[in-house]
Amino acid sequence: MSQVRVRFAPSPTGFLHIGGVRTALFNWLFARQQKGVFVLRIEDTDQDRSTDESIQAILEGLKWVGLDWDEGPFRQTERIDLYRSYAMQLLEKGQAYWCSCKAEELEARRKEAEAKGLSPKYDSRCRDRGLANLAGDAALRFKAPLEGETVVDDLIKGKIVFDNNVQDDLIILRSNGYPTYNFSVVVDDALMNITHVIRGDDHLTNTPRQVPIFQALGFPVPQFGHLPMILGSDKARLSKRHGATSIMAYKDMGYLPDAMVNYLVRLGWSHGDQELFTRQELIEKFAWKNVQTSPAVFNPEKLIWVNAEYIKISPPDQVAQALVPLLESAGLAAEAKAVSAGWLAQLVILVKERAKTLVEMVEWVRPYFGQAVAFDEEAAKKFLTPAIAPVLGKLLARFEAFPAFSKQQWEEAFKQLVEAEGMKMGQLAQPVRVALTGRTASPGLFEVMEVLGRDRTLFRLRQGIDRASRA
RNA sequence: GUCCCCAUCGUCUAGCCUGGCCUAGGACAUUGCCCUUUCAAGGCAGUAACACGGGUUCAAAUCCCGUUGGGGACACCA
């Protein structure tokens, strides 16, 4: 068995979307598992819609989710001569012909046929005219087989049979000399020795159009695998109105790349009851037979859960690193710069069980930067009252007696005071929480103090007492 | 309209190929309880599905046919 070679071939007409990432992911997984080659090819033969920014967005997106490619990126626009020469080969062999029908005419005939309830396929009127492209404005059409059937043994869907008589003679070279998708794909997949074409379900009906071209060109036909689509909550194809579809939008929303990969791979693939996988496990356990044949609805809530899990289990320094850009865009650039990576990782540990996304984490982490605390007015009003001020004063005195912070000792001192005052834990804990963090919700008090350190804890306690006495 | 694909809890899915172990399992979400200094996290419990109709068989979620429903494709887009 020769080496597995797969490819991801997006068209650069926008950002890299979630469906594209999933397609790339399955290709990548298979390549890595089989010790094969993952090729990246940019299908930019549509001059009007392709942009360089879009190519950059695709590369950026793939890099973010960690799907590295071994060859490419190849751009089809740099290979135009290649397609032309193969098209000419077909013409010479009599397997293609020039068609002088104008685009508008074809459009009109299609509409007419549809109105009559007929198939909108091309009527092959130029097929046997033996036209030459004298004016240079004809399109080249492939002579599709008129009878028989094309059988595709799909890796995911199994055997699929298409009647050849429903296929029409598709254009392989436009009148402007540019190849069309179905042709350049075949030439490239053949020339790049692609062994397995793994793509979205939406390409399934392109397969019986491409297979005869492989054959006409004398190329071996690769194996095909068609991944079911991703749907929105209304079961319609996933699109902008279902929420963000750009992979990079998820970075901005605070998702971890590993979480995206884990969620996306489980959307259509499973390994028993397992929900969370490391990359290595994914590579080892991936199998076509476990790929779903039916489309899957994208569920943002489960994505959030997966992300929360990854925030909890990923190495804190790694999460901290991913958090930095989010801190920056939240206006905490200077603060993030002022602290050490180690301390930031401590902060992550402090709040990681509470944040489901990095964006949420930014808010959880905000109170721990800087010397002073910013009070939530409502929280301060409710808990930093004149009545509590003297108790906070006593707590401050007890804490000050310790030359250094010790979680056990300080907690002990705190509890003793609560008992001495005849209070309930919460009656003192909440005011202290507000003094320390400015808010009514936070991680455990003594974990907070640990991250804050002795000096800042005492400073903020004084700040809280001051506020309470003036209330 | 034509062609193709698909069909298990609200959602992602296990089970289907190789019928019996399925009183249909797990996860997300949801509900309740527990834990608790707040918010989370966590633990426990609950609600919830084989689209429908025919076959085949001693036996069907599983095999076959049909219906219905959903998706996709029918461009000088990819």
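Basis for what follows: all heavy atoms, side chains included, without hydrogens, waters or symmetry-related copies. Note on naming: letters A, B, ... go to the chains in the order of the sequence lines (proteins, then strands), and numbering restarts at 1 for each one.
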Quiz prompt | Nearest to side-chain heavy atoms of A:Arg266, which nucleotide of B:rG26, B:rC76, B:rG10 | solution = B:rG26
Self-check item: By side-chain contact (heavy atoms from CB on, under 4.5 Å) - contacts of A:Ala296 (at least two apart)
Solution: A:Leu267
Practice problem: Using Watson-Crick or G-U wobble geometry with both distances below 3.5 Å, tell me the partner of B:rC44, or none. | Solution: B:rG32
Quiz prompt | Nucleotide B:rA29, atom P - distance to CG of A:Asn307 in whole Å | solution = 13 Å
Quiz item: Using purine N1 to pyrimidine N3 plus N6-O4 or O6-N4 for Watson-Crick, or N1-O2 and O6-N3 for G-U wobble, both under 3.5 Å, which nucleotide pairs with B:rA59?
Solution: none
Self-check item: Interatomic distance where CD belongs to A:Glu363 and P belongs to B:rU38 [whole Å]
Solution: 23 Å
Quiz item: OP1 or OP2 of B:rG42 sitting under 4.0 Å from any side-chain N/O of A:Lys312?
Solution: yes
Quiz item: On a whole-Å scale, what distance lies between the P atoms belonging to B:rU47 and B:rG72?
Solution: 36 Å
Quiz item: Of the candidate nucleotides B:rC76, B:rG72, B:rC12, which contains the atom at the shortest distance from the side chain of A:Ile171?
Solution: B:rC76
Quiz prompt | Strand partner of B:rC22, provided both Watson-Crick or wobble distances fall under 3.5 Å | solution = none
Practice problem: Taking only the side-chain heavy atoms of A:Trp305 (C-beta and beyond), determine which of B:rC76, B:rG26, B:rA29 contains the nearest atom. | Solution: B:rA29
Exercise. Check every atom of B:rG72, B:rC6, B:rU37 against the side chain of A:Leu445 and return the nucleotide holding the closest atom.
Key: B:rU37
Quiz item: So does A:Asp201 reach the base of B:rG72 with its side chain, donor to acceptor, closer than 3.5 Å?
Solution: no
Quiz item: Reckon A:Glu360 touches a base, only the sugar-phosphate, or nothing at all at heavy-atom distances under 4.0 Å?
Solution: nothing
Quiz prompt | Pairwise C1' distance for B:rU18 and B:rG10, with rounding to whole Å | solution = 33 Å
Self-check item: Candidate list A:Gln223, A:His226, A:Lys159, test side chain to side chain donor-acceptor pair (under 3.5 Å), partner A:Asp154, passing option
Solution: A:His226
Exercise. Starting at atom CZ of A:Arg7, determine the distance to atom P of B:rA78, rounded to an integer number of angstrom.
Key: 14 Å
Quiz item: Once you round it to whole Å, what is the distance between P of B:rG15 and CD of A:Gln274?
Solution: 14 Å
Practice problem: Give the intermediate values and the outcome of ring pair (Phe, Tyr, Trp, His ring centres under 6.0 Å) for residues A:Trp305 and A:Tyr310. | Solution: CA-CA 9 Å; A:Trp305 174 79; A:Tyr310 270 86; 9.3 Å; no
Exercise. Spell out yes or no: do the side chain of A:Glu275 and the base of B:rG26 have one donor N/O and one acceptor N/O closer than 3.5 Å?
Key: yes
Self-check item: Between P of B:rU38 and CE of A:Met425, the distance in whole Å
Solution: 9 Å
Exercise. Could you check A:Glu411 against A:Asn290 and say which one's nearest nucleotide on RNA chain B is further toward the 5' end?
Key: A:Asn290
Quiz prompt | Closest listed nucleotide, where the reference is the side chain of A:Glu43 and the choices are B:rC6, B:rA73, B:rA78 | solution = B:rA78
Quiz item: For A:Asn206, which contact category applies under a 4.0 Å heavy-atom criterion: base, sugar-phosphate, or nothing?
Solution: base
Exercise. Classify the side-chain pair A:Asn299/A:Tyr263 by whether it contains a donor and acceptor separated by less than 3.5 Å.
Key: no
Quiz prompt | Nearest-Å distance once atom P is located in both B:rA61 and B:rU8 | solution = 15 Å
Practice problem: Could you tell me whether A:Tyr263 contacts a base, only the sugar-phosphate backbone, or nothing, with contacts defined as non-hydrogen atoms closer than 4.0 Å? | Solution: nothing
Quiz item: What residue pairs, at least two apart or across chains, pass salt bridge (charged side-chain N to carboxylate O under 4.0 Å, His left out) with a residue in residues 421-442 of chain A?
Solution: A:Lys394-A:Glu421
Quiz item: Under 4.0 Å between a side-chain N/O of A:Lys235 and OP1 or OP2 of B:rU11, yes or no?
Solution: yes
Quiz prompt | Rounded distance (Å) that lies between atom C1' of B:rG72 and atom CD1 of A:Ile160 | solution = 12 Å
Exercise. Give A:Gly268 one of three labels, base, sugar-phosphate or nothing, depending on what nucleic acid heavy atoms sit under 4.0 Å from its own.
Key: sugar-phosphate
Quiz item: Side chain of A:Gln292: nearest nucleotide among B:rU13, B:rG1, B:rG72?
Solution: B:rU13
Self-check item: Pairing partner (Watson-Crick or G-U wobble, both distances under 3.5 angstrom) of B:rU67
Solution: B:rA51
Quiz prompt | Counterpart base for B:rA27, defined by Watson-Crick or G-U wobble contacts under 3.5 Å | solution = B:rU11
Quiz item: Is the distance from OP1 or OP2 of B:rA7 to the nearest side-chain N or O of A:Thr293 less than 4.0 Å?
Solution: yes
Quiz item: Hey, does A:His226 reach any base, or is it just sugar-phosphate, or nothing, if we go heavy atoms under 4.0 Å?
Solution: nothing
Exercise. Using a 4.0 Å heavy-atom cut-off across all strands, classify A:Lys356 as base, sugar-phosphate, or nothing.
Key: sugar-phosphate
Quiz item: Between B:rC76 and A:Arg110, is there an OP1 or OP2 to side-chain N/O distance shorter than 4.0 Å?
Solution: yes
Quiz item: Looking only at atom P, what distance separates B:rC52 and B:rU11, rounded to whole Å?
Solution: 15 Å
Quiz item: Counting any heavy atom closer than 4.0 Å, what does A:Thr205 reach on the DNA or RNA strands: base, sugar-phosphate only, or nothing?
Solution: base
Practice problem: State which of B:rG26, B:rC6, B:rG42 makes the closest approach to the side chain of A:Pro295. | Solution: B:rC6
Quiz item: Considering only side-chain heavy atoms of A:Ser270, which listed nucleotide, B:rA29, B:rC4, B:rU13, is closest?
Solution: B:rU13
Quiz item: Touch check for A:Pro443, heavy atoms < 4.0 angstrom, all strands: base, sugar-phosphate only, or nothing?
Solution: base
Practice problem: Using Watson-Crick or G-U wobble geometry with both distances below 3.5 Å, tell me the partner of B:rA73, or none. | Solution: B:rU2
Quiz item: Rounded to the Å, how far apart are A:Glu353 CD and B:rU38 P?
Solution: 16 Å
Quiz item: Are A:His196 and A:Phe26 an aromatic pair by the rule of ring centers under 6.0 Å?
Solution: no
Exercise. Would you mind reading off the distance between A:His242 atom NE2 and B:rU11 atom P, rounded to a whole angstrom?
Key: 14 Å
Practice problem: Might you confirm whether atom NZ of A:Lys382 has over 12 heavy atoms from other residues, nucleotides or ligands at distances under 6.0 Å? | Solution: no
Quiz item: OP1 or OP2 of B:rA40 less than 4.0 angstrom from a side-chain nitrogen or oxygen of A:Lys352, does that happen here?
Solution: no
Quiz item: Checking all strands, does A:Cys99 fall into the base, sugar-phosphate, or nothing category for heavy-atom contacts under 4.0 angstrom?
Solution: nothing
Quiz item: Of the candidate nucleotides B:rA78, B:rC6, B:rC39, which contains the atom at the shortest distance from the side chain of A:Asp46?
Solution: B:rA78
Practice problem: Would you indicate what A:Ala103 reaches in the nucleic acid, counting non-hydrogen atoms under 4.0 angstrom: base, sugar-phosphate, or nothing? | Solution: base
Quiz prompt | Worked verdict on A:Phe414 versus A:Phe446 for ring pair (Phe, Tyr, Trp, His ring centres under 6.0 Å) | solution = CA-CA 10 Å; A:Phe414 184 97; A:Phe446 302 95; 5.4 Å; yes
Quiz prompt | N/O (side chain, A:Thr440) to phosphate O (OP1/OP2, B:rC39) under 4.0 Å | solution = no
Quiz item: B:rA78, B:rG72, B:rG71: which one has an atom nearest the side-chain heavy atoms of A:Thr180?
Solution: B:rA78
Quiz prompt | A:Gln167 versus A:Lys121, side-chain donor and acceptor atoms under 3.5 Å | solution = no
Practice problem: Would you kindly compare A:Gln47 and A:Glu309 by the position of their nearest RNA chain B nucleotide and give the one closer to the 5′ end? | Solution: A:Glu309
Exercise. Indicate, with a heavy-atom threshold strictly under 4.0 Å, whether A:Ser50 touches base, sugar-phosphate, or nothing.
Key: nothing
Practice problem: Please confirm whether A:Phe8 and A:Trp69 have ring centers closer than 6.0 angstrom. | Solution: no
